[in-house]
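Report on the following structure.
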Amino acid sequence: MRHNLSILLLTVAIASAVLVGCSSSPSGPGFGTMNVRMTDAPGAFDHVNLVVTQVSAHLAGAAAADSDSAGSNSGWITLSSEAVTYDLLTLQNGVFVTIGTGRIPAGHYTQIRLKLGAGSTVVVDGVTYPLTVPSGLQTGLKLVGSFDVPANGLLDVALDFDAARSVIQNGAGLYHLKPTVRVMPFSTAGAITGQVAPADVATTIFAVQASDTLGSALAAADGKFTVSVLAPGSYALAFHPASGFRDTTLASVVVASQVTTNVGTVQLTPQ
């Protein structure tokens, strides 16, 4: 009888432990998934190799203390803690790479944080130079936004890292990183795509509202281009080809959420 009672008590204890574990598991109904993906605007470099050591998100209402502990009172929840080197120049014309993903508490998030490590480089005309990351950025590049992670749902966040504006050469010829990054949920972002002709003319494309350039792309070898991570609205699409051809602008190109607007083939005019 005592033997049977001991077995019963042990079984109840194990079952209780399992239930407690399940109640705090990230697979529960109070959790959703955040996925952070990165793309890049063009720059006059061969390669921009950026070392990202951590990606995290900040839960609204939590203290803004700088801590890495998932679920701590700081509110910073880590999505990736693996050091990975990304060549920004391979992330153009609609190409994205996932830099962090994870099951996190459902709720409203206000920041994405990238920690950047040593070892970043920039390659110019075949020569590799160290890319200096300011010490302040090693503690975290904080990108302010407004993101809602739904319970048992997915939030997909887009980061557009502008290499041309982010990599600065000083008077001594040294390269420094001053990051310029746009961030928004994919659910609100749109894009513009098309093709320039002749395809072999190096052409930079800018999406402009008023006097602000809000996105850019460099036409690929086949002339195709995509300007990504654009907020809904109307844009002037400015084409700046290499010498020998005139600048061209398409007015009132409309962008809608989760829609890629195709402007077709844009014929460049010789000078």
Answer yes if the ring centres of Tyr235 and Phe206 are under 6.0 angstrom apart, and no otherwise.
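They do not qualify: ring centres at least 6.0 Å apart.
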Is it true that Phe147 and His108 have ring centroids separated by less than 6.0 Å?
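Centroid distance Phe147-His108: not below 6.0 Å, so no.
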Cationic tip of Arg103 within the cone over Phe31's six-membered ring, i.e. under 6.0 Å and within 45° of the normal?
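Cation-pi check for Arg103 and Phe31: fails.
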If you round to the nearest 0.5 Å, how far is [atom2] of [Y] from [atom1] of [X]?
{"X": "His47", "Y": "Asp87", "atom1": "NE2", "atom2": "CG", "answer": "5.5 Å"}
{"X": "Ser243", "Y": "Gln271", "atom1": "OG", "atom2": "CD", "answer": "7.5 Å"}
{"X": "Leu59", "Y": "Ile104", "atom1": "CG", "atom2": "CD1", "answer": "8.0 Å"}
{"X": "Lys115", "Y": "Gln54", "atom1": "NZ", "atom2": "CD", "answer": "4.5 Å"}
{"X": "Tyr86", "Y": "Met38", "atom1": "OH", "atom2": "CE", "answer": "6.5 Å"}
{"X": "Gln267", "Y": "Thr265", "atom1": "CD", "atom2": "OG1", "answer": "8.0 Å"}

Given the rule that I, L, V, M, F, W and Y join up when any side-chain heavy atoms are under 4.5 Å apart, are [X] and [Y] in one cluster?
{"X": "Ile112", "Y": "Leu154", "answer": "no"}
{"X": "Val208", "Y": "Val253", "answer": "no"}
{"X": "Phe161", "Y": "Met184", "answer": "no"}
{"X": "Phe225", "Y": "Phe96", "answer": "no"}
{"X": "Leu230", "Y": "Leu91", "answer": "no"}

Step through the shown structure and confirm whether more than 12 heavy atoms of other residues, nucleotides or ligands are within 6.0 Å of CG on Asp125.
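12 or below, so no.
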For the residue pair Ser146 and Pro185, what are the closest heavy atoms and their distance?
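Closest pair (atom of Ser146, atom of Pro185, distance): O-CG, 4.0 Å.
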Can you give me the closest heavy-atom contact between Gly43 and Ala164, atom names plus distance?
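It is CA-CB, 3.9 Å.
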Quick check: do [X] and [Y] have side-chain heavy atoms less than 4.5 Å from each other?
{"X": "Pro241", "Y": "Arg246", "answer": "no"}
{"X": "Val48", "Y": "Thr121", "answer": "no"}
{"X": "Leu131", "Y": "His176", "answer": "no"}

Spell out, as yes or no, whether a donor-acceptor pair under 3.5 Å connects the side chain of [X] to the backbone of [Y].
{"X": "Arg182", "Y": "Val229", "result": "yes"}
{"X": "Thr39", "Y": "Val95", "result": "yes"}
{"X": "Asp40", "Y": "Gln92", "result": "no"}
{"X": "Thr90", "Y": "Leu88", "result": "no"}
{"X": "Thr248", "Y": "Phe239", "result": "no"}
{"X": "Gln195", "Y": "Asp222", "result": "yes"}
{"X": "Asp162", "Y": "Ala41", "result": "no"}
{"X": "Asn262", "Y": "Gly264", "result": "yes"}

Run through Asn35, Thr33, Thr101 and flag the one making a side chain to side chain donor-acceptor pair (under 3.5 Å) with Asp156.
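Single side chain to side chain donor-acceptor pair (under 3.5 Å) partner of Asp156 among Asn35, Thr33, Thr101: Asn35.
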Pair Thr226-Asn93, side-chain donor/acceptor within less than 3.5 Å
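No, Asn93 and Thr226 have no side-chain donor paired with an acceptor closer than 3.5 Å.
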Would you kindly say whether Ser56 and Arg113 are connected by a side-chain donor-acceptor distance under 3.5 Å?
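There is such a pair between these side chains.
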So which of Ile205, Thr261, Thr193, Val255 actually passes side-chain contact (heavy atoms from CB on, under 4.5 Å) with Val227?
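Going through Ile205, Thr261, Thr193, Val255 one by one, the side-chain contact (heavy atoms from CB on, under 4.5 Å) with Val227 is satisfied by Ile205 alone.
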Which class fits the ring pair Tyr175 and Tyr129: parallel under 30°, tilted 30 to 60°, perpendicular over 60°?
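If you compare the ring of Tyr175 with that of Tyr129, the planes turn out tilted.
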Would you please test Ile99 and Val84 for side chain to side chain contact (heavy atoms under 4.5 Å, CB included) and show each step?
CA-CA 8 Å; Ile99 63 172; Val84 181; over 6 Å; no
